Amino acid sequence: MLRRTHTCGELRDSHVGQTVRLNGWVNSYRGHGTGLVFIDLRDRFGITQVVFDGEDLGKEILDTADHLRNEDVIAIEGSVRVRAGGENPKLITGKIEIVVTKFELLNKTANPPFLPDDTGSGGKLANEELRLTYRYVDLRRPTMQKALATRHKLYQVTRRYFDENGFLEIETPILYKSTPEGAREFLVPSRHLPGNWFALPQSPQLFKQILMVAGCDRYMQICRCFRDEDPRADRQAEFTQIDLEMSFVRREHVIEMMEGFVRRLWKDMCGYDVPPIQKMPYREAMERFGIDRPDTRYALEITDISETAAKSEVAFFKDALANGADRPRFNSKRGVVKAIRVPDGAAKLTRKMTDGYNEFVRGFGAGGCAVVKVNAAGEFETGIAKFLASVKDELKSVLKLVPGDTVLFVADTYSVCTKALGELRQVVARDMGIVPKPGSEGGPWNFLIVVDFPMFEKDKETGRWVAMHHPFTAPNDDQAEAFVAADVNDEVTIEGIVSAGYDIVLNGQEIAGGSVRIHDPRVQSKVFTLLGLTPEQAKEKFSFLLEALQFGAPPHAGIAFGLDRLVMNFLGTSNIRDVIAFPKTQIGQDLMTGAPGPVTDEQLKDVHATAIRPRVP
RNA sequence: GGGGCGGUAGCUCAAUUGGUUAGAGUACCGGACUGUCGAUCCGGUGGUUGCGGGUUCGAGUCCCGUCCGCCUCGCCA
């Protein structure tokens, strides 16, 4: 084989005169008859033009060259020369070409189902279903190669940073024990223990805490996690976390370390200097933005106008407020009226858009979304304008309204208003065209650390307390004693306890989340009591962790980053499948391998399982 | 589990109100062509209109069911 001396991306005019060998795939061919054939040869490093020129190559080679087709695999030897036909500025190797002296057809391809070309057929990529089926062809596309390389670089920067900071990379089991809280799990039957099952880990949460008890001091792992839930554009059942845990630290120390990581990552990945990251309490995020991961690239903040609304003549405001305004409580069933001021909305938000908002908020249980415009004279127009006449000046002062503004109102319970306007805010921002492009395209990277999450929230269906993060999350240091002392039936107090958890939010997307863990058995047992777990049940579920905590557990805390989402940000894609080499579809299939597939009865018998097969119609 | 969009040649798409033999570009095959770079020119092959049923003289088009892909709500401690 004519093994390569260079890649297809590295030859320049400085190489002119050298004899080189290249290996790669035929990216395109331009034949001018036997005797002059141009081949653009591609590997993952780039494209180089190769030319079969002249009769002295022999008829056989010239004839083969004339019939080379896209994606054939070839090797050539030849000399580098300046292009006789002029430079091609589209290629980084565009000043030179290789005149072939030796040639080897390494593998003739079957006609590929589509070409791995970023511009695609008819200017569009082939259907994603097809690209997933022939993933090995799609991955040849320069964009996909770049994605794989970016992901690789992120691994390296990550390992280097945490190594420098004294973290040990430690692998934890993939075959693990089922912990029914949280996401649905993938199950694996045991051959040796009939009727018993492994689960694939939702995260290595318990193991990393155990590693702290084990004296490892600082742990990191780039680990696969599994959650058998329906995917989204930025979510797969099988995904990757940068998982971390530290001993002898409190919340501030972890946050400091993570800020350092974020700073290093952005510096090394794209040369961006991340400024000091602002911290925002959960409660403030919910009040101002209606969501626990606010996108702070734009304003459009939410204002509670219940007091003013109560003095208006708007019937549905009054209806919502009939049970009394009740601002601070999150699970409250009582009413509020909230509004978003949209600067310049009068001109930019069309009737069709605002009609859509009405429908949109109904999707979150709200009765509707009222729209008022402030005209050039400062008067309210449309909809409920006349019923607001009595509070016009007060409203203008509370919302700081100016001519040209549009105001969007929702009146309902606290939780409905918050959720509906939090989601609506994002839609309005897109409609207004005020969401900057992601950072890789030059827009701002807006980081935020959200802290002081409630420890517990009420389950919507059962009405029982559930842990907002997970049951090992500690109350914040200043509340630990109050928590231990609290009456479990005192809902207001329990609801007010905030945890030592923290999320890192980037442009409205959660990229990391973690917490200080409970290392005090008193606190841990109180949490289980609140969650409705008896000591026996708690022991059943988490025995090994609870036991470990008794044998000298250091104070510890950790966090996990969503690696796939980080890569997405550096590539500016909103499709998680772009950053995973072999992703799955909406129903969890791998279209290339055909997984999941059936197994034989023999295999099932081995693991003491039987299949309930769907009826074949 | 719910909602939305989509599935026509290998690929990207078109096909009027339900009406002739389902077309175009590209890919592929054959030929021409000595400086192209999305090469060009000539010719050709290529169709279970996702699948199943129904309405109709006649279905890519209308109706019912179903499968698959994407987006989304629920879900994701």
Side-chain angles (χ1 to χ4, degrees), chain A residues 27-41 47-55 62 66-67 69-71 81 83-91 93-94 97 99 109-134 137 179-185 202-203 205-206 225-237 239 359-360 362-365 419 423 453 455-457 459-461 465-473 499 501 510 513 515 527 531 541-542 562 574-575 577 584-587 589 591 617:
Chain A
N27 194 65
S28 69
Y29 61 92
R30 295 175 292 279
H32 292 258
T34 305
L36 185 64
V37 175
F38 295 95
I39 300 292
D40 282 350
L41 194 62
I47 290 175
T48 301
Q49 175 166 289
V50 166
V51 56
F52 293 79
D53 186 5
E55 300 298 335
L62 288 172
D66 199 26
H67 285 86
R69 292 296 177 264
N70 296 324
E71 301 311 305
R81 74 178 181 195
R83 287 184 178 217
E87 181 181 350
N88 181 353
K90 291 181 194 167
L91 300 181
T93 61
E97 64 188 5
V99 203
T109 184
N111 187 22
F114 58 94
L115 295 177
D117 178 350
D118 280 324
T119 55
S121 178
K124 290 178 77 174
L125 294 178
N127 189 334
E128 190 170 14
E129 191 174 353
L130 192 77
R131 289 190 283 120
L132 289 173
T133 305
Y134 299 91
V137 177
T179 51
E181 278 74 25
R184 191 179 297 114
E185 297 172 318
Q202 300 172 32
S203 81
Q205 180 61 37
L206 301 191
C225 303
F226 304 88
R227 295 178 189 175
D228 189 7
E229 302 289 351
D230 289 352
R232 289 288 183 276
D234 62 352
R235 212 169 76 186
Q236 286 254 308
F239 65 102
E359 273 310 301
F360 184 78
R362 283 183 187 164
F364 300 97
K419 172 83 176 166
E423 297 295 329
F453 289 86
M455 283 275 284
F456 305 97
E457 57 187 348
D459 186 285
K460 271 167 270 176
E461 284 158 25
W465 292 112
V466 292
M468 193 149 178
H469 188 47
H470 58 59
F472 315 106
T473 301
S499 76
E510 182 192 330
S515 64
V527 169
L531 297 179
K541 283 182 177 168
F542 307 112
S574 55
N575 179 352
R577 296 177 298 281
K584 293 181 170 59
T585 68
Q586 292 273 319
I587 58 171
Q589 285 186 305
L591 295 177

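Chain A is the first sequence line, chain B the second, and so forth, proteins listed ahead of strands; every chain is numbered from 1. Keep in mind the model is a prediction, meaning the values are calculated, not measured.
- Distance, A:D230 CG to B:G3 P: 14 Å, rounded to whole Å.
- Taking only side-chain nitrogens and oxygens, A:T119 never comes nearer than 4.0 Å to OP1 or OP2 of B:G38.
- For A:F38, the ring-ring contact (aromatic ring centres under 6.0 Å, His included) partners are A:H32, not counting sequence neighbours.
- Within 4.0 Å (heavy atoms only), A:G86 reaches at least one base atom of the nucleic acid.
- B:G10 atom C1' lies 14 Å from atom CD of A:E71, rounded to whole Å.
- Taking a pair to require two hydrogen-bonding distances under 3.5 Å in either a Watson-Crick or a G-U wobble arrangement, B:C28 pairs with B:G44.
- The side-chain contact (heavy atoms from CB on, under 4.5 Å) search around A:N88 returns A:R83, A:K90, A:L91, not counting sequence neighbours.
- Remark: A:R81 engages A:D53, A:E97 in a side chain to side chain donor-acceptor pair (under 3.5 Å) (not counting sequence neighbours).
- Between the CG atom of A:N27 and the C1' atom of B:C37 there is a distance of 11 Å, given to the nearest Å.
- Whole-Å rounding puts the A:F364 CZ to B:C73 P distance at 7 Å.
- Residue contacts shown for A:E97 include a base, since a base heavy atom lies under 4.0 Å away.
- Across all strands, A:A84 comes closer than 4.0 Å to base atoms (heavy-atom distances).
- In this model, a side-chain donor or acceptor of A:R81 finds a partner on the base of B:G35 within 3.5 Å.
- With respect to A:D230 and A:R235, no salt bridge is recorded, no charged nitrogen being found less than 4.0 Å from a carboxylate O.
- Across all strands shown, A:R362 has no heavy atoms under 4.0 Å from either base or sugar-phosphate atoms.
- Residues satisfying the side chain to side chain donor-acceptor pair (under 3.5 Å) test with A:K541, not counting sequence neighbours, are A:E181.
- If you measure from atom CZ of A:F38 to atom C1' of B:A39, you get 9 Å, rounded to the nearest angstrom.
- Residue contacts shown for A:G31 include a base, since a base heavy atom lies under 4.0 Å away.
- Nearest heavy atoms, A:G31 versus A:D66: CA-OD1, 4.3 Å.
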Open item on the list: Protein within reach of the bases, or only the backbone? For nucleotides 22-30 of chain B, mark each nucleotide 5' to 3' as B, S or -, using heavy atoms under 4.0 Å.
Closed with: ---B-SSSS
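- Between the P atom of B:C41 and the NE2 atom of A:H32 lies a distance of 13 Å, rounded to the nearest Å.
- Listed by chain and residue number, A:F360 satisfy the ring-ring contact (aromatic ring centres under 6.0 Å, His included) test with A:F364 (two or more places apart in sequence, or in another chain).
- Across the protein-nucleic acid pair, A:R83 atom CZ and B:C37 atom P stand 11 Å apart, rounded to whole Å.
- A:T473 comes within 4.0 angstrom of nothing in the nucleic acid, heavy atoms only.
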If you restrict it to nitrogen or oxygen atoms, what contacts under 3.5 Å exist between nucleotides 66-71 of chain B and the protein, and what is each distance?
residue	atom	partner	partner atom	Å
B:C68	O2'	A:E129	OE2	2.5
B:G69	OP1	A:T585	OG1	2.7
B:G69	OP1	A:Q589	OE1	3.3
B:G69	O4'	A:E129	OE1	3.2
B:C70	OP2	A:Q586	N	2.8
B:C70	O3'	A:R577	NH2	3.0
B:C71	OP1	A:R577	NH1	3.3
B:C71	OP1	A:R577	NH2	3.2
B:C71	OP2	A:Q586	NE2	2.4

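- Between A:G54 and A:F472, the one whose closest nucleotide on RNA chain B sits nearer the 5' end is A:G54.
- For A:S515, the side chain to side chain donor-acceptor pair (under 3.5 Å) criterion is met by A:T473, A:R517, not counting sequence neighbours.
- When all heavy atoms are compared, the tightest approach of A:Q202 to A:T179 is NE2-O, 3.6 Å.
- Where stacking is scored as ring centres under 5.5 Å apart with planes under 30°, A:F114 does not register as stacked on the base of B:C11.
- What separates CG of A:D66 from P of B:A32 is a distance of 9 Å, to the nearest Å.
- By the side chain to side chain donor-acceptor pair (under 3.5 Å) test, A:N27 is found to be paired with A:R42, residues two or more places apart in sequence or in another chain being considered.
- With a cut-off of 3.5 Å on both Watson-Crick or G-U wobble distances, the partner of B:C5 is given as B:G69.
- Shown here, B:G38 forms no base pair; nothing in the strands shown gives a Watson-Crick or G-U wobble contact with both key distances under 3.5 Å.
- Distances from the side chain of A:E229 to the nucleotides B:C37, B:C33, B:C75 place B:C75 closest.
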- [ ] Walk me through it: do A:E129 and A:L591 pass the test side-chain contact (heavy atoms from CB on, under 4.5 Å)?
- [x] CA-CA 8 Å; A:E129 191 174 353; A:L591 295 177; 3.8 Å; yes
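- Using a 4.0 Å heavy-atom cutoff across all strands shown, A:L91 reaches no nucleic acid atom at all.
- OP1 or OP2 of B:A39 lies within a sub-4.0 Å distance of a side-chain N or O belonging to A:R30.
- Nucleotide B:G52 forms a Watson-Crick or G-U wobble pair with B:C64, both donor-acceptor distances falling under 3.5 Å.
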